[in-house]
Amino acid sequence: MYVLLGSFLACLSPEGDGPDRADDPEPLVLFDEWPDYTPAGDAVYIRYDEVPNMVRATPAGVEVLDLGGRVPLWAEATPDGRFLLVLTSSDAGIEHVLIEDGAIAMVFPDQETNRVEVSPDGRHLALWYDGTLDPHTELLVDVGQITLVDTEAGVATRVATSLVPRTVSLGDERGLIVGTRGALGLDLLTQTAGQDYDFEGEGVENGAWGYWGVLSADEAYGLVSAEPDEADDTVVRLGLAERSFLTVESPLSPEYDGVRYEVAPRLFRVGDALFAHTDSGGLATLEPETLAFTVLDPDVHFSLIEVQEDRAVLYDQDGETAGEEGTHILWTDPLALHWEPVNGRVNGIWFGDDHAVLQRYEGETWHVKVLDLGTGATWLKALQDVPDWGALMTVNGSPMALLAISGVDSYGLLPLAAGSSLASVGTERLLFGAMANDEAFYVTDMDDAGFIGFVDPLALQQIEYSDFTELDLLRER
């Protein structure tokens, strides 16, 4: 989602029935050329600042999203892409509205939140406010509360905690909140708090210790480690089903001239496997029952991570691994690390379900490098210039990429099969991606606010909608 804020003006009166209104609505004059475009479910949703209506766009057309008279303050997709989550204001107060395929699935009173987590089965959501991130609005919030949502039962509950959440992890039945001074288990089925832990009370010397938190695959334990800059390599295992508190020291802290320098490990989970990593290098698995570490590679460096179900992408922005910037791709079935140098920029890699494409400069020519995420097999496709942007999707079982090419102001479709060619489908557009339901690619443009396009990857054609005047977006409904 692209968060591009501005102001919105129009020739219509706010009520849509001013003296200048003719039989047909006047053309909208948009000074906010950068609305939010959010793909969720079967549509792409468009939100303008301070406008009481959103646009729901699909390849079949554009329409007004009916929010029941509520004004959208912020909109984002849930992490699984299923729902559009809209923070709204109305006479009823501040509410969150869950939209699924154009219809309201749930409405619940809430507060400003800027973080959302979803359970692996997609049933439960956790909404909370992270003070380290910019707020979406200027609304007052209670940072010690978290909202749990059961999308199947249609129930949302505000859970009060004594914590300021730093990380929130969800399983299918249990969750874990880690704050600066403690941790709290969650029962997602009953939407109630579970085991409560105070770090200082449990003997952890630094009361502001907790930062990373992750659930074991069976959801019996929560694993917690310290702030990234904390000189403390302690990892704590918390019992979530039954109360227990057990500590272990990470083996990843570096040693220089016989002196061991403690470094807090970052904890994360990919599939069913738990991992620990430090900025000083080193990647290990962690077995939650025995708290045994197994070092996979002592020299893996990365500064950013993106977890994608049974794999993760580890971005090395400083080029400390292999002497150049790039990415490690971590598979868990079977467990393997794959290194890919990246030319140009560290995020010059785009992922689909089973493939990735990367920027690659080789032989004085720019290419896309296609990576099969199942086998690690690769091949190159020469391009006219730098691939600036990419999006991938699976079409009838076959992977396809939409690529923007710098310098030639064009973008085209590339079937991800060796020997395939790039078919041009458009020019001079920016910001595109794949719809959440893999029906089509969507194309937007920061310089044309009344534009949304959809690229049919089978017909190699683009459908465009470039005028929202008929939708009468300023009329309160």
Just by distance, no angles: are the side chains of [X] and [Y] close enough, under 3.5 Å, to form a donor-acceptor pair?
{"X": "D385", "Y": "S406", "value": "no"}
{"X": "D310", "Y": "T332", "value": "no"}
{"X": "D232", "Y": "T234", "value": "yes"}
{"X": "T394", "Y": "D353", "value": "yes"}

For residues L65 and Y45, determine if any side-chain heavy atom of one lies less than 4.5 Å from a side-chain heavy atom of the other. yes
Note, R70 side chain near I104 side chain (heavy atom, < 4.5 Å): yes
is_close_aromatic(Y256, Y261), centroid dist under 6.0 Å: yes
Would the Y411 and F432 ring centres measure less than 6.0 Å apart?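 Ring centroids of Y411 and F432 are less than 6.0 Å from each other.
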Assess whether side chain to side chain donor-acceptor pair (under 3.5 Å) is satisfied between E112 and T137, documenting all intermediate values. CA-CA 7 Å; E112 158 94 49; T137 72; 2.3 Å; yes
Tell me whether the rings of F302 and F268 are parallel (<30°), tilted (30 to 60°) or perpendicular (>60°). perpendicular
Are the charged groups of D42 and R56 less than 4.0 angstrom apart, N to O? yes
Salt-bridge test for R166 and D130: reply yes if a basic N is under 4.0 Å from a carboxylate O, no otherwise.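 No, this pair does not count.
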